[in-house]
Each structure stands twice: as structure tokens, then as C-alpha cells.
Amino acid sequence: MKIPGAVVIVTGGSRGLGRAFSVELLKRGARVCVADINETEGRQTEAELQRQYGADKAFFVKCDVTKEDDTKDLWRVAVERFTTVDLMVNNAGIMNETLVEETVQINLMGAMRGSMLAFEHMRRDRGGKGGVIINVASTAGLFPVFFMPTYVASKYALVGFTRSWASNPCQARFGVNWAVLCPAFADTSMLSVALDGPDPPLVTYQENKEQVIATVKTIGINSVDDVSRAFVELVEKDDNNGAVVTVEKNMGGAVYRFVKNPNCL
Ligand SMILES: NC(=O)c1ccc[n+]([C@@H]2O[C@H](COP(=O)([O-])OP(=O)(O)OC[C@H]3O[C@@H](n4cnc5c(N)ncnc54)[C@H](O)[C@@H]3O)[C@@H](O)[C@H]2O)c1
Ligand SMILES: CCCCC/C=C\C=C\[C@H](O)C/C=C\C/C=C\CCCC(=O)O
């Protein structure tokens with residue numbers, strides 16, 4: 001899709017990858033509604049984005065993606081403000097293996113709820129203008145990772161959900177493209193909180209510490225810019241329906257494995 005003039009909602013946009021995606025979209029002429037549960041960081045981000053790109057180009061809405069009412073309010077406010085939404089980025093997520101219910105509620109149900117509201121708004125067969133839904137999963141949604149099974153489950157399910165919608169035979173009639181962005185480790189607070197703490201919230205960390213650290217070293221850590229570049233490439237691609245894009249640092253810089261056909265990953 002063309003980014004200039006597009007209207008975008010980014011969940012989990014107060015910091016980290018979501019904030020970086022918002023900046024890249026604004027730089028290219030989009031208008032962005034940043035949604036996040038963290039109001040303090042959200043308001044700071046809103047102020048910085050408005051200062052840099054204009055007060056009419058970006059705004060923040062406090063939204064807990066696990067709450068149906070919050071998500072509906074987010075859509076109501078975004079449409080009131082910007083008239084329509086062309087791109088929905090379900091990016092909000094957590095990684096903490098001690099929070100099983102929360103992980104599923106945020107990473108999976110939050111993204112599914114956001115996707116369905118976007119789909120209802122965008123689908124052409126019900127009067128919408130079409131659009132794109134990008135769900136932010138992880139390479140942990142494609143391969144097993146022994147130290148974070150709950151996180152992996154939430155991301156595998158999100159990949160399956162997204163690819164299933166992308167493969168619907170009525171997809172062309174709906175006019176809504178579905179894609180998944182799957183970064184490996186990325187340099188945000190999600191990773192640093194886990195890496196820097198004495199007891200990361202991972203499964204059997206103390207017993208397998210060396211193996212966990214070795215895995216991170218082998219795969220490498222993407223910069224936020226690496227992931228943002230892949231994100232922009234994915235958004236801009238016209239035929240992005242069913243795409244699964246991985247971003248892995250140590251496979252020769254950031255490698256974008258672009259898998260288009262949803263039936264042959
Ligand atoms: N950092 C990584 O290594 C990495 C790798 C692959 C995928 N991801 C995924 O990328 C996405 C962004 O992660 P990040 O690294 O930027 O992490 P982050 O912790 O920096 O940012 C996550 C954002 O989500 C928000 N959030 C959390 N729960 C929420 C809720 N219930 N409702 C609304 N917002 C909520 C947080 O407040 C925060 O602003 C996540 O889905 C994550 O799983 C991260
Ligand atoms: C103490 C370090 C681990 C903390 C991890 C915190 C958050 C990570 C979230 C990412 O979404 C995980 C990304 C990649 C998963 C790791 C390995 C995947 C192996 C498959 C592969 O990429 O080849």
C-alpha cells in the first residue's frame with residue numbers, strides 16, 4: 001500500500017518497535033494513532049511525534065488490548081479523528097513466562113480482537129475501503145523455543161490466525177490483506193529487561209542459562225532500525241497478502257525471508 005496519506009493504528013506504540021514503526025510511517029506521510037496501555041510513555045511519545053510531524057498527524061489513545069471496550073473506543077476515536085483507517089498494526093505484546101493468561105490475552109487475543117475490528121471496518125463487501133492488517137508475531141511463532149513456551153504458543157497461534165484469514169477464498173472480495181512480521185530478538189526493553197535482570201522470567205533459565213545466552217548470541221540481536229526497515233518494506237509491498245516476513249540479524253545482516261504464499265511456509 002502507499003504510505004503517504006494512509007491512516008494507521010499501531011498498538012503498543014508508546015515505545016520499542018511500535019513507536020519505531022509509528023515514526024517510520026509518519027516520516028513517509030502517514031497519520032498515526034498510537035495506542036498503548038502505558039499512558040505516561042504514550043503521552044511522551046505523542047508529544048514528540050506531534051512536535052516532529054505536526055499536531056494533526058499523530059495522537060495517543062490509552063488502550064488495553066485485552067479489553068473489548070477499550071479496543072472499540074480506540075476505533076471510535078481513531079475514525080472520529082481521521083475518518084478512516086487503512087492499516088492496523090497489532091504490535092502490543094509481552095514476554096513473561098510467569099504470566100501465562102496475560103500472555104495469551106495480550107499477544108493473541110488482543111491481536112485477534114484488533115484484527116477483527118479492523119477487518120469489519122475495512123472489508124469492501126460491507127462498504128469499507130479495503131486495507132492491510134499486520135500482526136507482529138516473532139520467529140518464536142515459527143520455531144520452537146524451549147525457554148519461552150507460552151510466548152511461543154501465543155505467537156504460533158497468531159501466525160496461524162493471520163495466515164488463515166489471508167488464505168480465505170473470499171479474500172479478494174474483502175479487499176483486506178493480512179501479513180505477519182516475525183522478528184527474532186530485537187533491541188528493545190522487552191529484551192533488555194529479560195537479559196539484564198538476575199532472574200529472567202523464562203522457563204528453566206537457571207538450569208539452562210548458558211544455552212539461552214548462546215541462542216541469543218547465535219541468532220543475534222536486530223536493531224530497532226533493522227526491524228523497522230522490514231516493516232516498511234512489508235507495508236509498501238502491494239502483494240503482501242499472506243506474507244510472513246522474518247528479520248534475523250546473524251543471517252547476514254537483517255534478513256527478510258518473505259514468504260508470500262500462505263499455504264507453503
Ligand atoms: N524485542 C524483541 O526481541 C521482539 C522480537 C520479536 C517480536 N517482538 C514483538 O514485538 C512487539 C513489540 O515488542 P517490543 O520489543 O517493542 O516490546 P516493548 O516492551 O518495548 O513494547 C511493548 C509495548 O506494548 C505495550 N503493551 C503491553 N501490554 C499491553 C496491553 N495490554 N495493551 C496495550 N499495550 C500493551 C507496552 O506498554 C509497550 O509499550 C511484541 O508483540 C513482541 O512480542 C519483540
Ligand atoms: C534472556 C534472553 C531471552 C529473552 C527474550 C525476550 C524476548 C524475546 C522475544 C522475541 O520475540 C523472541 C525472538 C526470537 C526467538 C528465539 C529463537 C528462535 C529460534 C528460531 C530462529 O530464529 O531460527
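For this chain, numbers begin at 1 and follow the sequence in order. Just follow the structure's listing: the first ligand is 1, and inside any ligand the first atom is 1.
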*Any luck finding a side-chain donor-acceptor pair between Asp225 and Ser223 under 3.5 Å?*
no

*Counting each atom of ligand 1 from 1 as listed, which ones have a heavy atom of Ile106 under 4.0 Å away?*
28 (N), 31 (N)

*Would you mind listing which atoms of ligand 1 come within a distance below 4.0 Å of any non-hydrogen atom of Ala92?*
24 (O), 33 (C), 34 (N), 35 (C), 41 (O)

*Do me a favour and list the nearest non-hydrogen protein atom to atom 40 (C) of ligand 1 with residue, atom name and distance?*
Asn91 O, 3.2 Å

*Give the contacting part of Ile213 toward ligand 2: side chain, backbone, both or neither, where contact means a heavy-atom distance below 4.0 Å.*
neither

*Per-atom contacts, ligand 2 versus Leu195 - under 4.0 Å to a heavy atom*: 1 (C), 2 (C)

*Parallel, tilted or perpendicular for Phe147 and Phe185, by the 30°/60° rule?*
parallel

*Return a yes/no value for Glu41: is any of its N or O atoms, backbone included, closer than 3.5 angstrom to an N or O of ligand 1?*
no

*In chain order, what residues pass the salt bridge (Lys or Arg N to Asp or Glu O under 4.0 Å) check against Asp226, with sequence neighbours excluded?*
Arg229, Lys249

*Who pairs with Glu80 by salt bridge (Lys or Arg N to Asp or Glu O under 4.0 Å), at least two apart in sequence or on another chain?*
Arg76

*Who gets closest to atom 5 (C) of ligand 2 by heavy atom: Leu191, Leu142, Leu17?*
Leu191

*What part of Cys63, side chain from CB on, backbone N/CA/C/O, both or neither, has a heavy atom under 4.0 Å from ligand 1?*
backbone

*For Thr139, take its heavy atoms, then give the atoms of ligand 2 lying under 4.0 Å from any of them.*
14 (C), 15 (C), 18 (C), 22 (O)

*State, without any angle test, whether Ser14 and Asn38 hold a side-chain donor-acceptor pair at a distance under 3.5 Å.*
no

*Identify the protein heavy atom lying closest to atom 21 (C) of ligand 2, giving its residue, its atom name and the separation to 0.1 Å.*
Glu248 OE2, 3.3 Å

_Nearest neighbour in protein (non-hydrogen) for atom 39 (O) of ligand 1_ = Asp36 OD2, 2.6 Å

*Measure from the side-chain N and O atoms of Asn91 to the backbone N and O of Gly12, and report whether any donor-acceptor pair falls under 3.5 Å.*
yes

_Looking at Glu233 and Lys237, is any side-chain nitrogen of the basic one under 4.0 Å from a carboxylate oxygen of the acidic one?_
no

*Report the part of Met148 (side chain from C-beta onward, or backbone N, CA, C, O) that has a heavy atom under 4.0 Å from ligand 2; answer both or neither where that applies.*
side chain

*Identify, for atom 18 (P) of ligand 1, the protein heavy atom at the shortest distance, and state residue, atom and that distance.*
Arg15 NE, 3.4 Å

*Which residue and heavy atom of the protein sit nearest atom 19 (C) of ligand 2, plus the separation*: Ile219 CD1, 3.5 Å

*Compute the shortest N/O to N/O distance between Thr215 and ligand 2 and return yes if it is under 3.5 Å, no if not.*
no

_Under 4.0 Å, heavy-atom basis, I'd like to know which part of Thr246 is in contact with ligand 2: side chain, backbone, both or neither._
neither

*Which protein non-hydrogen atom lies closest to atom 11 (O) of ligand 2, naming both residue and atom, and how far is it?*
Tyr151 OH, 2.5 Å

_How about CG on Asp125, more than 12 heavy atoms from neighbouring residues, nucleotides or ligands closer than 6.0 Å, or not?_
yes

_Nearest neighbour in protein (non-hydrogen) for atom 15 (O) of ligand 1_ = Thr188 OG1, 2.5 Å

*What atoms in ligand 1 come closer than 4.0 Å to a heavy atom of Val136?*
9 (C), 10 (O), 11 (C), 41 (O)

_Residue and atom name of the nearest protein heavy atom (relative to atom 32 (N) of ligand 1), distance in Å to one decimal_ = Val65 N, 3.0 Å

*Between Asp86 and Lys129, does at least one N-O distance fall below 4.0 Å, as a salt bridge requires?*
yes

*Should the proximity of Ala184 to ligand 1, defined as any heavy atom under 4.0 Å, be assigned to the side chain, the backbone, both, or neither?*
backbone

*For ligand 2, which atoms have a heavy atom of Ala194 less than 4.0 angstrom away?*
4 (C)

*Considering the heavy atoms of Phe185, write down every atom of ligand 1 situated less than 4.0 Å from one of them.*
3 (O)

*asked:* Could you tell me, atom by atom, which parts of ligand 2 come under 4.0 Å of a heavy atom of Ser138?
replied: 10 (C), 11 (O), 12 (C), 13 (C), 14 (C)

*For ligand 1, which atoms sit closer than 4.0 Å to a heavy atom of Asp64?*
30 (C), 31 (N), 32 (N)

*In ligand 1, which numbered atoms sit nearer than 4.0 Å to a non-hydrogen atom of Asn38?*
37 (O)

*Which option, Phe146, Tyr205, Phe185, owns the non-hydrogen atom nearest atom 16 (C) of ligand 2?*
Phe185

*What do the steps show when you test Asn250 against Ile219 for side chain to side chain contact (heavy atoms under 4.5 Å, CB included), and what is the final call?*
CA-CA 5 Å; Asn250 283 354; Ile219 290 170; 5.8 Å; no

*Is the Trp178 ring parallel, tilted or perpendicular to the Phe161 ring (thresholds 30°, 60°)?*
perpendicular

*Which one holds for Lys155 and ligand 1: side chain close, backbone close, both close, or neither close, with close meaning a heavy atom under 4.0 Å?*
side chain

_Out of all atoms in ligand 1, which are within 4.0 Å of some heavy atom of Pro183? Include the element for each._
5 (C), 6 (C), 7 (C)

*At what distance is the nearest protein heavy atom to atom 17 (O) of ligand 1, and which residue and atom is it?*
Met190 CB, 3.5 Å

*asked:* Quick check on side chain to side chain contact (heavy atoms under 4.5 Å, CB included): which of Glu24, Glu48, Gln44 does Arg19 satisfy it with?
replied: Glu48

_Side-chain donor or acceptor of Asn222 paired with backbone N/O of Val247 under 3.5 Å_ = yes

*Specify the protein heavy atom at minimum distance from atom 16 (O) of ligand 1: its residue, its atom name, and the distance to 0.1 Å.*
Leu17 N, 2.8 Å

*In the protein, what heavy atom is nearest to atom 6 (C) of ligand 2, and what distance, to one decimal place, separates them?*
Met95 CE, 3.6 Å

*asked:* For residues Val32 and Leu74: do they belong to one hydrophobic cluster (side chain heavy atoms under 4.5 Å, members Ile, Leu, Val, Met, Phe, Trp, Tyr)?
replied: no

*asked:* Just to confirm my output: which protein heavy-atom neighbour is closest to atom 26 (N) of ligand 1, and how far is it?
replied: Ile37 CG2, 3.9 Å

*Given Thr246, which of Leu142, Leu181, Val180 fulfils the side chain to side chain contact (heavy atoms under 4.5 Å, CB included) condition?*
Leu142

*Just jot down the ligand 1 atoms closer than 4.0 angstrom to any heavy atom of Gly16, in number order.*
16 (O), 20 (O)

*For atom 27 (C) of ligand 1, which candidate among Gly12, Gly93, Ala20 provides the closest heavy atom?*
Gly93

_From the candidates Ala186, Ala137, Ala194, the one that places a heavy atom nearest atom 7 (C) of ligand 1_ = Ala137

*Which of the numbered atoms in ligand 2 are below 4.0 angstrom from a heavy atom of Phe143?*
20 (C), 21 (C)

*Carefully, step by step, assess Trp75 and Ile9 under the rule side chain to side chain contact (heavy atoms under 4.5 Å, CB included).*
CA-CA 9 Å; Trp75 272 84; Ile9 294 177; 3.7 Å; yes

*For atom 3 (C) of ligand 2, what's the nearest protein heavy atom and its distance?*
Leu202 CD1, 3.9 Å

